Enquirer: 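Starting off with a structure, shown below.
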Amino acid sequence: MKIFNYRLIIFFLSIIFGVVFSVPSFLQTESGKKISLGLDLQGGLHMLLGVNTDEAVTSKIKSIATAIKYFSNDEDILIDGLSIKDNDRIVFTVLDSDELPKVDKMLEEINGLNVSKTELEYSITLTQDEEVRTKDQAVAQAVETIRNRLDQFGLAEPNVVRQGETDIVVQLPGIKTAEDEKAARELISKPANLELMAVDEERIDQVYSMTRAQAAQYGDVILEATDNPNVKYLVKEIPILNGSQVVDAQVAFDQSNQPIINFTLNSAGARIFGDFTGKNVGKRLAVVLDGKVYSAPNIRERIGGGSGQISGGFTVVEAGNVAIALRSGALPASVNLLEKRSVGPSLGADSIKASTIALVAGFLMVFIFMIIYYRRAGIIANIALVTNIFIIISVMAMFGATLTLPGMAGIVLTVGMAVDANVIIGERIRELLRQGVSIPKAIEDGYSNAMRAILDANITTLLVAVILYAYGTGPIKGFAVTISIGILASMLTAILGTHGIYEALLPKIAKDKNLNKWFGIK
């Protein structure tokens with residue numbers, strides 16, 4: 001019989017894979033993928049954020065108003081008094097009754113609207129179901145946006161999960177200095193709501209004598225300049241474009257070597273931008289970010305290509321953070337910090353020490369027991385056990401998984417579960433050998449007879465782990481990940497790997513015929 005067989009070759013490849021890809025994690029080298037430690041192991045920042053979902057409704061209303069404005073301009077429909085009342089209602093008047101069918105058809109294509117019409121006057125609100133859906137979507141979008149921002153910021157394995165209807169839990173492992181904490185908090189909470197708004201050239205001279213209520217009567221709002229709150233702009237309340245049309249934003253430098261942000265719009269945004277600038281040459285367009293005017297340049301010609309620029313006294317770091325926020329998308333609503341906790345690294349060190357002791361102690365006890373009880377069969381099982389641990393570390397490192405304290409508990413539990421399959425196989429082989437079955441047949445039948453019990457136990461445990469991952473929070477997910485990987489690895493090492501070793505050693509075992517030395521049978 002050939003020494004090398006397909007089972008043994010696969011097992012050797014899995015050993016090489018496990019050792020090579022787990023080395024960066026064990027040695028904590030600078031290069032290579034390695035496991036990141038969770039908040040409970042290396043310390044960091046824990047925050048509970050609350051999303052102001054009412055603002056999401058206002059944002060939705062404003063977006064619909066922008067669509068109405070663009071539609072009326074594009075179709076040459078004359079409307080008057082387009083404005084937002086009480087932050088949740090759009091009102092406008094169509095000046096030509098012949099255009100009503102076009103407007104009605106356009107509004108019908110927008111889902112979730114309550115449209116009230118009195119002759120030529122329209123009043124539009126969101127339906128109750130649409131409000132609920134908008135608020136729910138705002139929280140879900142905020143989770144995804146915050147996660148994207150933190151990923152682009154370079155923080156290792158941030159944990160961002162929804163809690164309840166309006167809250168978000170953010171865990172940032174490795175945040176230890178006040179500067180890092182401040183930068184992370186600013187990046188998380190920054191709305192990054194970019195709007196391009198037309199300056200009201202007719203009434204701009206009255207901006208310093210006009211109240212906000214008076215400006216609202218003309219469909220305008222008063223905004224301050226970002227670099228000087230004493231400088232004010234009177235702009236149209238309904239924006240021409242918003243950040244939802246931004247597909248890219250990068251930091252650049254102007255002729256004075258000052259940081260600026262170049263942004264690129266999608267095809268729809270580029271068309272709207274080009275049409276507006278083409279019809280408003282000589283007028284000004286305000287670049288507004290989070291309610292502050294960064295610049296209001298004159299439109300000298302039609303601007304095609306869908307690109308623009310934000311300047312306004314940024315530092316390099318500020319410009320970088322704003323660009324990240326724009327690329328990852330604006331928050332649909334502002335977030336408030338409800339709770340903040342800093343987890344010290346000393347707790348993590350204690351946890352790592354205690355978990356390592358438990359892992360090593362459990363491993364050694366299993367290792368020694370298998371050798372004493374099963375002799376050389378126990379050594380074969382221990383080889384599979386060591387390989388199993390290497391594979392778990394390697395797979396977690398390749399996928400950039402985070403190791404938490406429950407995750408370490410999962411590895412400890414996996415040690416016992418991994419050897420369990422070999423115990424079942426070993427006992428089946430010993431039973432057959434005691435019945436006088438030949439060694440080759442005892443090994444083959446031992447694996448065949450044990451297979452059903454092993455598959456049942458592992459598959460049911462794997463299903464539970466999947467459910468824990470799907471519905472659990474961060475620590476539970478960490479436990480489920482390590483258990484799942486451990487189960488799959490044990491199936492490879494305990495069943496395929498050890499079977500390959502037995503096949504390679506079978507001629508020697510059959511020739512030796514010392515059942516006590518090989519299987520612990522006296």
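Here, residue 1 is the first one in the sequence, and each next residue gets the next number. Just so you know, these numbers use all the heavy atoms, side chains as well, and skip hydrogens, waters and symmetry mates. Being a predicted model, the structure only gives us computed values, none of them experimental.
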Enquirer: Answer yes or no: is there a donor N or O on one side and an acceptor on the other, between the side chain of S394 and the main chain of G18, under 3.5 Å?
Expert: yes

Enquirer: With rounding to the nearest 0.5 Å, note down the distance linking CE in M398 to CE in M396.
Expert: 13.5 Å

Enquirer: Closer than 3.5 angstrom, by distance alone: can the side chain of D96 be matched with the main-chain N or O of D98 as a donor-acceptor pair?
Expert: yes

Enquirer: Indicate yes or no for a side-chain donor-acceptor contact from T66 to the backbone of P239 under 3.5 Å, with no hydrogens or angles considered.
Expert: yes

Enquirer: Judged by atom type as modelled, is there a donor-acceptor pair below 3.5 Å linking the side chain of S59 to the main-chain atoms of E55?
Expert: no

Enquirer: Roughly how far apart are I146 CD1 and Q141 CD, rounded to 0.5 Å?
Expert: 10.5 Å

Enquirer: Any side-chain to backbone donor/acceptor pair from T118 onto E121? Under 3.5 Å, distance only.
Expert: no

Enquirer: Answer yes or no: is there an ion pair linking R162 with D167, defined by an N-O contact shorter than 4.0 Å?
Expert: no

Enquirer: Would you call E237 and K62 a salt bridge, using N to O less than 4.0 angstrom?
Expert: no

Enquirer: With a 3.5 Å distance limit and no angle check, can you tell me whether T58 reaches the backbone of N87 through a side-chain donor-acceptor pair?
Expert: yes

Enquirer: Output the distance between atom NZ (K102) and atom CG (L107), rounded to the nearest 0.5 Å.
Expert: 14.0 Å

Enquirer: Rounded to the nearest 0.5 Å, what separation is found between the CZ atom of R147 and the CD1 atom of I188?
Expert: 12.0 Å

Enquirer: Is there any ring-ring contact (aromatic ring centres under 6.0 Å, His included) pair reaching into residues 70-124, and which pairs are they, with sequence neighbours excluded?
Expert: F92-Y122

Enquirer: Can D88 and K60 be counted as an ion pair, charged N to O under 4.0 angstrom?
Expert: no

Enquirer: Indicate, with yes or no, if the rings of F390 and F26 have centres closer together than 6.0 Å.
Expert: yes

Enquirer: Is a salt bridge present between R133 and D136, judged by a nitrogen-to-oxygen distance below 4.0 Å?
Expert: no

Enquirer: Which donor-acceptor pairs under 3.5 Å do the side chains of residues 207-217 make with protein atoms, sequence neighbours left out?
Expert:
{"unit_1": "Y208", "atom_1": "OH", "unit_2": "K232", "atom_2": "N", "d": "3.3"}
{"unit_1": "S209", "atom_1": "OG", "unit_2": "Q206", "atom_2": "O", "d": "3.2"}
{"unit_1": "T211", "atom_1": "OG1", "unit_2": "Q214", "atom_2": "N", "d": "3.2"}
{"unit_1": "T211", "atom_1": "OG1", "unit_2": "Q214", "atom_2": "OE1", "d": "3.4"}
{"unit_1": "R212", "atom_1": "NH1", "unit_2": "I222", "atom_2": "O", "d": "2.6"}
{"unit_1": "Q214", "atom_1": "OE1", "unit_2": "T211", "atom_2": "N", "d": "3.0"}

